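Presented below is the structure to which this report refers.
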Amino acid sequence: MTTALTNEYLQQWIEIVSLRDFHIPFRHLARWNHRLSSTGGRYLLKSHDIEINPKQFVQNGAEEVERIIKHELCHYHLHLAKRGYKHQDAEFKQLLAKVGGSRYCKSLPESQKKKAEPYRYRLVCHSCGQQYLRKRKVDVKKYVCGKCRGKLALESIR
Ligand SMILES: [Zn+2]
Ligand SMILES: [Zn+2]
């Protein structure tokens, strides 16, 4: 273990890179996250914290970690400035190229992704018996069966 693998070290490191390359301070928390597997790091949209994968430091060294830090800081500064902070946004790509950040990371942890909604309703055709699952309530008067154009009935599941 080197001293670089303490959160205090990482915090200072990110603060320095932020001021030097972005000219804006990093005002949130940084930490090593040992549970990140193949990804370099991530920026958390809710807390604005940055997590870096320590395996990157062990396997690829400080230079690679600094590129990952720059990548996460691109998300961070653009998000806080309400600009295009996602990978596909032109502003993100431009800033990343300007500061020389790494191309890859995972910006959103799983828990922040929208959970898939469960099916709550079932439409049943009176004529042919075909069933359709729906997440939201639908007005059965407006629709007919897609198979036979028969009348539909709405049932709630559970
Ligand atoms: Zn990213
Ligand atoms: Zn039908």
Side-chain angles (χ1 to χ4, degrees), residues 7 10-11 13-18 20-57 59-114 119 121-135 137-157:
N7 289 340
L10 182 66
Q11 181 77 33
W13 193 355
I14 294 183
E15 285 173 6
I16 289 165
V17 172
S18 184
R20 188 193 64 206
D21 296 335
F22 296 81
H23 311 289
I24 312 170
F26 173 68
R27 298 186 191 278
H28 291 79
L29 284 177
R31 63 184 155 265
W32 297 104
N33 184 342
H34 293 264
R35 282 166 303 166
L36 295 177
S37 50
S38 57
T39 56
R42 64 182 186 179
Y43 164 62
L44 290 88
L45 287 172
K46 281 183 188 166
S47 64
H48 309 293
D49 294 347
I50 288 177
E51 297 182 347
I52 304 291
N53 187 345
K55 292 181 200 99
Q56 291 286 344
F57 187 86
Q59 287 166 18
N60 301 321
E63 263 182 61
E64 183 55 29
V65 169
E66 192 151 310
R67 278 194 288 273
I68 294 164
I69 287 173
K70 288 175 185 176
H71 178 118
E72 303 312 330
L73 282 171
C74 286
H75 286 304
Y76 173 82
H77 287 305
L78 289 169
H79 182 235
L80 287 176
K82 297 185 167 47
R83 311 290 287 271
Y85 66 92
K86 294 177 185 149
H87 290 153
Q88 66 269 26
D89 291 327
E91 284 173 311
F92 180 84
K93 288 177 185 168
Q94 281 162 13
L95 186 59
L96 190 69
K98 193 179 150 197
V99 298
S102 81
R103 298 256 298 279
Y104 308 102
C105 88
K106 185 180 169 195
S107 60
L108 301 175
E110 297 300 324
S111 60
Q112 285 177 11
K113 282 184 187 158
K114 242 190 168 180
Y119 292 109
Y121 299 96
R122 181 190 296 134
L123 286 163
V124 183
C125 174
H126 282 300
S127 310
C128 73
Q130 175 73 30
Q131 299 194 355
Y132 305 91
L133 293 172
R134 289 290 177 268
K135 290 169 182 173
K137 215 166 186 170
V138 287
D139 183 359
V140 290
K141 285 175 212 148
K142 286 185 183 170
Y143 300 96
V144 292
C145 173
K147 258 177 118 184
C148 73
R149 310 199 66 77
K151 275 192 180 172
L152 297 169
L154 187 71
E155 298 172 353
S156 65
I157 299 171

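A quick note: this is a predicted structure, and the numbers were derived from the prediction, not measured. Both counts, for ligands and for their atoms, begin at 1 and track the order of listing. In this chain, residues are counted from 1 in sequence order.
Angle SG(Cys148) to the Zn ion (ligand 2) to SG(Cys145): 110° [nearest 10 degrees]. If you put the vertex on the Zn ion (ligand 1), NE2 of His71 and NE2 of His87 sit 100° apart, to the nearest 10°. With the Zn ion (ligand 2) at the apex, Cys125 SG and Cys128 SG define an angle of roughly 110° (rounded to 10 degrees).
In this structure, Tyr43 and His79 have perpendicular ring planes: the angle between them is above 60°, well past the 30° mark. The aromatic rings of Trp32 and Phe57 sit perpendicular, their planes meeting at an angle over 60°, well past the 30° parallel limit.
Not a single N/O/S atom of Cys74, whether from backbone or side chain, sits less than 2.8 Å from the Zn ion (ligand 1).
With Gln11 contributing its side chain and His28 its backbone, the two residues share a donor-acceptor pair below 3.5 Å.
Between the side chains of His71 and His87, at least one donor-acceptor pair of N or O atoms lies under 3.5 Å.
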